[in-house]
Amino acid sequence: VSEQLLAHGTFALDDGLRDGRGRTTEPEPLPYQTEPGWERQLEVVTAPAGQRHIYLWYPQGSSLLSTPLVALGHRLGLRATDDQGQFDAAGEAALQLRIAGGLVALTAALLFLALAELLPIGPSWLLALAAGVCTPLWSTSSRALWSCSWALPLTAGLLVHLVRVALGRVRLQPEWVATLCAWMWFCRPTYALQAAAAAVWVAWRHRAALPRLAATGAGWFGLF
């Protein structure tokens with residue numbers, strides 16, 4: 001999806017899934033797929049005028065946020081498409097692996113910052129390291145880009161801010177909190193639980209900031 005956004009400015013995957021005769025082809029299964037084919041990952045939508053378009057079935061947040069990194073990957077020779085603009089499973093797997101590893105490292109670093117606000121540096125470092133290498137962050141999240149991959153560092157960043165606010169070290173930025181919560185939801189709707197928890201905490205501890213939080217969240221959802 002990120003490749004299509006960069007090349008064509010569209011979420012539709014049609015151009016990357018056509019053969020030399022213009023027919024839509026089924027890509028080879030990716031190495032991390034548990035089931036062959038793409039029926040469970042893509043959906044076909046027929047427009048009112050009769051055009052048939054193919055879209056990713058999952059939420060688009062991770063694809064949007066990954067687009068700048070995919071553009072950087074192009075400069076390093078990493079692409080999810082071949083020279084003809086067609087889907088390249090091996091190329092996408094290599095690109096995903098590098099982006100996913102970076103996101104996991106960022107998540108662990110942000111967890112360290114949150115922990116360091118509460119604990120000495122030594123225990124904070126050990127706990128952040130344990131989170132990075134002894135949990136599904138290492139075994140699963142670092143292996144490929146999932147719909148929740150970007151939601152992980154977004155959640156960790158939200159945690160850093162709220163911990164610092166709770167300790168009185170920074171002022172609450174409700175627009176920042178709402179933006180992080182909205183994008184967590186755009187990546188994976190189940191993160192509405194974390195967003196709701198943050199909103200409840202703001203309503204409990206900083207009620208005056210709640211209108212700004214709600215207005216910013218409403219703006220993002222309107223744009224979505």
Side-chain angles (χ1 to χ4, degrees), residues 59-69 72 96-221 223-224:
Q60 306 285 3
S62 286
S63 301
L64 277 166
L65 293 173
S66 296
T67 300
L69 297 180
L72 178 61
Q96 283 197 28
L97 182 65
R98 286 158 176 79
I99 296 176
L103 294 179
V104 166
L106 177 59
T107 301
L110 291 169
L111 289 175
F112 168 77
L113 293 178
L115 290 163
E117 297 287 343
L118 304 167
L119 301 171
I121 295 299
S124 299
W125 185 86
L126 288 175
L127 287 172
L129 180 65
V133 301
C134 302
T135 71
L137 284 178
W138 174 269
S139 61
T140 304
S141 298
S142 67
R143 298 301 187 252
L145 275 176
W146 305 82
S147 61
C148 62
S149 293
W150 274 95
L152 296 171
L154 292 174
T155 305
L158 175 64
L159 182 63
V160 172
H161 182 63
L162 295 183
V163 167
R164 289 176 173 175
V165 171
L167 295 175
R169 295 178 181 173
V170 299
R171 295 184 61 182
L172 178 70
Q173 300 294 328
E175 294 83 4
W176 177 239
V177 172
T179 296
L180 290 174
C181 289
W183 278 94
M184 286 156 50
W185 189 87
F186 294 160
C187 291
R188 191 175 182 121
T190 52
Y191 275 76
L193 180 62
Q194 287 88 329
V200 168
W201 187 85
V202 171
W204 174 43
R205 298 292 298 273
H206 302 270
R207 186 171 299 177
L210 194 58
R212 293 163 59 191
L213 179 82
T216 304
W220 276 114
F221 282 108
L223 181 62
F224 174 78

- What pairs meet the side-chain hydrogen bond (donor to acceptor under 3.5 Å, both in side chains) rule with one or both residues in residues 200-217, with sequence neighbours excluded? Glu175-Arg212
- The complete set of side-chain hydrogen bond (donor to acceptor under 3.5 Å, both in side chains) pairs with one or both residues in residues 183-195, sequence neighbours excluded, reads Ser147-Arg188, Arg188-Thr190
- Task: Any chance you could measure Cys148, atom SG, to Leu154, atom CG, to the nearest 0.5 Å?
- Result: 11.0 Å
- Query: Do Val165 and Val177 come close enough that some side-chain heavy atom pair is under 4.5 Å?
  - Reply: no
- Message: So, using side chain to side chain donor-acceptor pair (under 3.5 Å) as the criterion, who are the partners of Ser66 when residues are at least two apart?
- Response: Trp150
- Output the distance between atom CG (Leu172) and atom CG (Leu162), rounded to the nearest 0.5 Å. 7.0 Å
Under 3.5 Å, side-chain donor or acceptor atoms of residues 103-116 against the rest of the protein: list the pairs with distances, not counting sequence neighbours.
residue : atom : partner : partner atom : Å
Thr107  : OG1  : Leu103  : O            : 2.8

- State which residues pass side-chain contact (heavy atoms from CB on, under 4.5 Å) with Leu126; sequence neighbours excluded, sorted by chain then number. none
- Message: Once rounded to the nearest 0.5 Å, what's the spacing between atom SG of Cys187 and atom CG of Leu152?
- Response: 9.0 Å
- Message: Once side-chain contact (heavy atoms from CB on, under 4.5 Å) is applied, do any residues pair with Thr135, and if so which ones, sequence neighbours excluded?
- Response: Leu137
- List the steps, then state whether side-chain contact (heavy atoms from CB on, under 4.5 Å) holds for Met184 with Leu158. CA-CA 10 Å; Met184 286 156 50; Leu158 175 64; 4.2 Å; yes
- Message: Run the side-chain contact (heavy atoms from CB on, under 4.5 Å) test against Ala199 and tell me which residues pass, sequence neighbours left out.
- Response: Leu213
- Got a sec, which pairs hit salt bridge (charged side-chain N to carboxylate O under 4.0 Å, His left out) with one end in residues 104-122, sequence neighbours left out? Glu117-Arg164, Glu117-Arg169
- Sequence neighbours excluded, the answer for side chain to side chain donor-acceptor pair (under 3.5 Å) partners of Thr179 is Trp220
